[in-house]
Amino acid sequence: LVRQVWPESLEDVDPVALYGADDRPPPPGRPWVLVDMVASADGGTTIGDASGGLGGAGDRAVFGALRAAADVILVGAATVRADRYGPVRLPEHQQAARIERGQTPLPRLAIVTRNPTFDLATPLFTDSRPAPLIITTATASPAARVEAADRADLLLAGHGDSVDLGAALAALAEMEVGVVLCEGGPTLVGQLAEADLLDELCLTIEPVLLAGGSSRIAKGPSPGVEQRLQLRRILEAEGALFLRYTR
Ligand SMILES: NC(=O)c1ccc[n+]([C@@H]2O[C@H](COP(=O)([O-])OP(=O)(O)OC[C@H]3O[C@@H](n4cnc5c(N)ncnc54)[C@H](OP(=O)(O)O)[C@@H]3O)[C@@H](O)[C@H]2O)c1
């Protein structure tokens with residue numbers, strides 16, 4: 001059971017309806033970029049090497065609600081590997097609602113990598129409809145690119161060794177992508193923040209203390225950035241908080 005705490009108190013809200021109704025106007029030349037992350041009360045982001053054990057039922061509900069709203073799910077290759085990403089799935093009625101809104105039935109997964117080497121026999125690559133998009137660079141190994149192109153579509157973005165995220169987002173806009181949901185990890189989120197490409201942050205805070213050395217939700221070379229966020233909504237379920245911020 002998810003309730004809204006702020007701006008007004010509401011018992012038993014439907015995350016799919018709430019997050020689906022939020023306004024996400026694409027800025028000029030790129031899609032709206034929304035980041036969804038879960039952290040412990042002390043800011044940790046992984047248990048073991050994965051984030052899967054961290055989020056509770058409420059987090060899974062919000063995670064699904066955001067996927068239901070997105071056109072593309074952008075994710076770093078390390079997260080795809082650590083969290084064992086599979087094909088994106090949504091209930092039939094949510095797929096129908098997406099079609100009615102003019103979206104594809106399912107959001108497409110887009111993986112950012114310098115090294116497009118994945119186990120292409122896993123369901124992520126054999127069962128995803130549409131096939132995943134791999135966003136990489138012209139400097140990536142040609143052999144790996146050819147192999148990956150068998151099971152995914154490749155998008156080359158930028159001229160250096162790293163994907164230029166601004167160029168990647170511009171290319172997505174040209175593919176009529178309106179809302180990009182970034183599911184991490186912290187390295188990718190840090191780069192979006194550094195490049196000032198983040199429009200919305202949906203942060204789950206789980207009532208758990210982790211200590212240890214896991215990353216914050218965004219990381220990168222210091223000194224980092226200082227960007228003001230505006231708090232838009234607070235939901236709560238079983239002690240977990242779901243904060244929605246926009247820039
Ligand atoms: N708590 C949460 O909400 C949450 C969410 C997501 C992930 N996580 C956790 O975070 C950890 C992974 O995060 P991470 O920060 O280490 O990695 P990440 O951001 O998931 O992925 C980093 C990788 O993405 C690729 N990449 C990133 N930026 C790139 C660029 N500009 N150009 C080309 N490739 C780029 C590179 O892949 P290649 O090495 O293939 O070149 C890089 O090694 C995992 O433990 C995961 O469980 C937690």
Side-chain angles (χ1 to χ4, degrees), residues 33-56 58-64 66-67 73-86 109-120 124-125 132-141 144-145 147-148 152 154-172 180-198 200-208 210 212-221 224 240-243 245:
V33 177
L34 130 68
V35 167
D36 178 33
M37 296 291 283
V38 55
S40 65
D42 58 333
T45 52
T46 53
I47 295 178
D49 284 330
S51 63
L54 189 49
D59 183 60
R60 285 190 289 279
V62 170
F63 180 85
L66 291 171
R67 284 189 157 196
I73 298 170
L74 185 73
V75 70
T79 293
V80 169
R81 295 180 181 117
D83 289 340
R84 297 171 188 281
Y85 264 56
L109 201 72
I111 307 166
V112 181
T113 179
R114 289 179 194 87
N115 169 28
T117 307
F118 298 93
D119 183 349
L120 299 172
L124 173 61
F125 292 98
L133 188 63
I134 294 181
I135 306 180
T136 189
T137 65
T139 56
S141 144
R145 274 161 47 192
E147 203 176 323
L154 263 69
L155 172 66
L156 306 183
H159 301 288
D161 288 342
S162 295
V163 167
D164 176 334
L165 292 171
L169 291 170
L172 291 176
V180 168
L181 164 63
C182 175
E183 294 182 344
T187 305
L188 186 58
V189 175
Q191 290 174 71
L192 289 171
E194 295 262 351
D196 202 359
L197 293 170
L198 192 158
E200 174 179 357
L201 171 65
C202 292
L203 171 63
T204 297
I205 301 178
E206 291 289 345
V208 57
L210 284 182
S214 72
S215 171
R216 294 180 294 128
I217 62 162
K219 69 175 178 190
L241 294 174
F242 308 94
L243 310 177
Y245 298 95

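Atoms within each ligand, like the ligands themselves, are counted from 1 in listed order. The basis for the numbers below is simple: all heavy atoms, side chains too, and nothing from hydrogens, waters or symmetry mates.
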Between [X] and [Y], which heavy-atom pair has the shortest distance, and what is it?
X: Ala157; Y: Thr137; result: O-CG2, 4.2 Å
X: Pro116; Y: Thr136; result: CD-OG1, 4.1 Å
X: Val75; Y: Leu188; result: C-CD2, 3.6 Å
X: Ala171; Y: Leu155; result: CB-CD1, 3.8 Å
X: Ala240; Y: Glu206; result: CB-OE1, 3.6 Å

Could you tell me, atom by atom, which parts of ligand 1 come under 4.0 Å of a heavy atom of [X]?
X: Val38; value: 1 (N), 2 (C), 3 (O)
X: Ser162; value: 31 (N), 32 (N)
X: Gly185; value: 6 (C), 7 (C), 13 (O), 15 (O), 18 (P), 19 (O), 20 (O)
X: Asn115; value: 40 (O), 41 (O)
X: Thr113; value: 25 (C), 33 (C), 34 (N), 37 (O), 38 (P), 40 (O), 41 (O)
X: Ala77; value: 21 (O), 23 (C), 24 (O), 37 (O), 40 (O)
X: Ala50; value: 47 (O)
X: Glu183; value: 5 (C), 6 (C)

4.5 Å side-chain heavy-atom contact, [X] and [Y]:
X: Thr113; Y: Val80; result: no
X: Val35; Y: Ile217; result: no
X: Val163; Y: Gln191; result: no
X: Phe118; Y: Ile134; result: yes
X: Arg67; Y: Leu181; result: yes
X: Leu198; Y: Tyr245; result: no
X: Ser51; Y: Met37; result: no

Tell me which one of [options] gets a heavy atom nearest to [atom].
atom: atom 39 (O) of ligand 1; options: Met37, Arg81, Arg216; result: Arg81
atom: atom 29 (C) of ligand 1; options: Asp83, Val112, Thr45; result: Val112
atom: atom 17 (O) of ligand 1; options: Ala140, Ala78, Gly220; result: Ala78

Could you identify the single nearest non-hydrogen protein atom to [atom] and state the distance to 0.1 Å?
atom: atom 7 (C) of ligand 1; answer: Thr79 OG1, 3.0 Å
atom: atom 9 (C) of ligand 1; answer: Thr46 CG2, 3.4 Å
atom: atom 48 (C) of ligand 1; answer: Ser51 CB, 3.3 Å
atom: atom 36 (C) of ligand 1; answer: Arg114 NH1, 3.7 Å
atom: atom 32 (N) of ligand 1; answer: Val163 N, 2.7 Å
atom: atom 13 (O) of ligand 1; answer: Pro186 CD, 3.2 Å

For this session: State which residue, out of Val189, Ile135, Leu34, Leu109, fulfils the side-chain contact (heavy atoms from CB on, under 4.5 Å) condition with Leu74.
Result: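 Testing each of Val189, Ile135, Leu34, Leu109 against Leu74, the sole residue satisfying side-chain contact (heavy atoms from CB on, under 4.5 Å) is Ile135.
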Mind checking whether [X] has an N or O less than 3.5 Å away from an N or O of ligand 1?
X: Gly184; result: no
X: Leu165; result: no
X: Thr187; result: yes
X: Leu54; result: no
X: Lys219; result: no
X: Asp36; result: no

Exercise. How does Asp49 reach ligand 1, by side chain, by backbone, by both or by neither, if only non-hydrogen atoms under 4.0 Å count?
Worked result: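 Looking at Asp49 and ligand 1, just backbone atoms fall under 4.0 Å.
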Exercise. Between Gln191 and ligand 1, which residue portion shows a heavy-atom distance shorter than 4.0 Å: side chain, backbone, both, or neither?
Worked result: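 Side chain only; the backbone of Gln191 stays clear of ligand 1.
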Exercise. Does Ser215 come within less than 4.0 Å of ligand 1, judged by its heavy atoms?
Worked result: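 No, Ser215 has no heavy atoms under 4.0 Å from ligand 1.
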For this session: Give a yes or no on whether the backbone of Gly43 and the side-chain of Arg216 come within a donor-acceptor separation of less than 3.5 Å.
Result: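 Side chain of Arg216 to backbone of Gly43, a donor-acceptor pair under 3.5 Å: no, none is there.
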Exercise. Going by distance alone, is a donor N or O of one side chain under 3.5 Å from an acceptor N or O of the other, for Arg114 and Ser162?
Worked result: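 Yes.
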